[in-house]
S.K.: 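After the structure tokens below, expect a handful of questions from me.
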Amino acid sequence: MDHFQYRDGNLFAEDVDLREIAKEVGTPVYVYSSATLKRHFRVFQEAFDGLDALICFAVKANSNQAVLKTLAQEGSGADVVSGGELKRALLAGIPAQKIVFSGVGKTPDEMRDALKANIKQFNVESEAELEVLNAVAEGMGMIAPVSVRVNPDVDAKTHAKISTGKAENKFGIPWVRVSRVYERIAELSHLKAVGVDVHIGSQLTDLGPFEAAFKKVVDLVKNLRVQGHDIQHIDLGGGLGIPYDPEEETPPSPGAYGAMIGKVLGDLDCSIILEPGRLIAGNAGILLTSMLYEKESENKVFYILDAAMNDLSRPAMYDAYHDIIPVKEPSNVGSDQSNLVSADFVGPVCETGDTFAKSRTTSPMMAGDLAVIKSAGAYGAVMASTYNSRALIPEVLVSEDKFSVIRKRQSIEDLINLDQVPDWLAEE
Ligand code: LLP
């Protein structure tokens with residue numbers, strides 16, 4: 001359940017009328033619900049009651065300071081993949097000992113910052129990275145705690161662009177080399193192997209691939225321990241999907257996911273780390289937009305919105321489905337479908353790919369109407385660009401009857417002022 005519901009004919013975020021936000025902040029704008037963020041975090045955490053589990057929110061899904069602070073106050077840790085995300089997590093008050101650093105291309109500077117902060121662990125993705133991390137740690141007189149991200153060669157059965165656990169993907173260390181890599185860690189004086197890490201993909205809607213990968217990892221931990229490595233925890237990554245299209249997608253509940261993990265772990269005596277991103281933030285946010293124009297072609301109706309692919313790129317990048325609903329509650333609720341129309345929801349960017357939904361059945365909308373693109377709290381604002389010189393849009397956080405701008409709208413001047421004109425082009 002989320003906290004975006006109709007009340008007296010209009011869509012609210014918790015106790016705030018979205019029309020009020022549109023009026024004060026303008027559109028397009030991302031709106032997040034604190035209560036939904038907290039609820040998702042708590043439901044996920046409860047799914048691991050009885051297990052020694054650390055939940056590290058995947059900062060890449062939504063890195064706004066106010067969102068991270070909300071989760072930090074719930075006890076969340078962070079999974080970061082860059083020095084920038086590390087800084088954001090620390091600034092939001094997430095303790096370093098609850099931060100894991102993932103990613104295939106960490107730079108020595110990023111490693112240094114993470115060592116200085118004293119993070120929980122580095123999830124190492126290649127042999128070359130191990131050598132560099134060892135050298136950086138040696139230079140600082142420190143021991144770096146590492147987990148090796150293994151590639152279990154399991155098909156996550158998700159979109160190809162967000163599948164990471166097949167041998168052909170760039171992620172993790174190939175299964176056949178894992179044992180040798182742990183031997184190498186034992187030889188390196190400034191590394192200590194503390195765990196094993198796996199992440200097979202995102203938006204998984206079936207437990208099967210998770211279970212297959214986790215079983216392999218549990219066997220691996222047992223073997224590594226026999227070989228003398230002191231493996232204390234397993235990082236099981238993120239990836240549990242959410243219902244973008246409730247009629248098409250029925251991902252397993254966090255409870256079912258937690259129960260499966262408990263069963264697969266058995267009596268392994270290992271703590272676990274989980275890195276959910278989408279599950280926490282996805283349905284805790286919406287993109288509030290206004291319709292600019294209606295346009296009819298020969299056999300189609302286009303609803304042209306003021307939001308575009310640069311603001312929310314998921315439909316263009318992954319053909320992702322996002323529900324789109326009007327802020328004014330449609331009158332044709334229930335079984336009366338007679339009033340419905342079919343429309344393409346598109347943005348103003350000059351690309352055919354700037355399409356949020358094709359031939360979508362919807363209640364009719366008019367220019368000036370407000371609409372909401374749902375499930376936009378994860379991989380929305382963080383993936384925005386300024387393509388077509390469209391400035392970055394604001395983000396708003398709602399808590400009960402309060403709302404606050406948590407990132408202000410970028411101005412066109414802010415954007416243009418990032419450019420610099422070389423002297424030789426300066427006017428005489
Ligand atoms: N851990 C690692 C190592 C990851 O690479 C990811 C996501 C996560 C955790 C969090 O996964 P989640 O629980 O959010 O599924 N931009 C794409 C999603 C890319 C996911 C990348 N890695 C999208 O909009 O669908």
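Every number for a ligand or one of its atoms is a count from 1 in the order of the listing. Fair warning: this is a prediction, and the values are worked out from it, not measured in the lab.
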S.K.: Enumerate the ring pair (Phe, Tyr, Trp, His ring centres under 6.0 Å) contacts for residues 123-171, please, sequence neighbours excluded, ordered by first and then second residue.
M.R.: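 Sorted result for residues 123-171: His159-Tyr318.
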S.K.: Report yes or no: do Asp235 and Asn123 form a side-chain donor-acceptor pair below 3.5 Å?
M.R.: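 The criterion, which ignores hydrogens and geometry beyond distance, is satisfied for Asn123 and Asp235.
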S.K.: Near ligand 1, which protein residues have a heavy atom under 4.0 Å away?
M.R.: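 Answer by chain and number: Ala58, Lys60, Asp79, Arg149, Ile162, His199, Ser202, Gln203, Gly238, Gly239, Glu275, Pro276, Gly277, Arg278, Arg314, Tyr318, Tyr379, Met383.
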S.K.: Is Glu249 reaching over with its side chain to a backbone N or O of Thr205, donor-acceptor style, under 3.5 angstrom?
M.R.: no
S.K.: Please tabulate, one pair per line, all N/O donor-acceptor pairs under 3.5 Å involving side-chain atoms of residues 43-63, not counting sequence neighbours.
M.R.:
residue: Asn62; atom: OD1; partner: Asn64; partner atom: N; Å: 3.1
residue: Asn62; atom: ND2; partner: Tyr32; partner atom: OH; Å: 3.4
residue: Asn62; atom: ND2; partner: Gly377; partner atom: O; Å: 3.0

S.K.: Take Met142 and Val136 through the test side-chain contact (heavy atoms from CB on, under 4.5 Å) and record every step on the way to the result.
M.R.: CA-CA 9 Å; Met142 293 182 75; Val136 171; over 6 Å; no
S.K.: Which pairs count as ring pair (Phe, Tyr, Trp, His ring centres under 6.0 Å) when at least one residue sits in residues 205-247, sequence neighbours excluded?
M.R.: Tyr182-His229, Phe210-Phe214, Phe210-Tyr257, Tyr244-His322
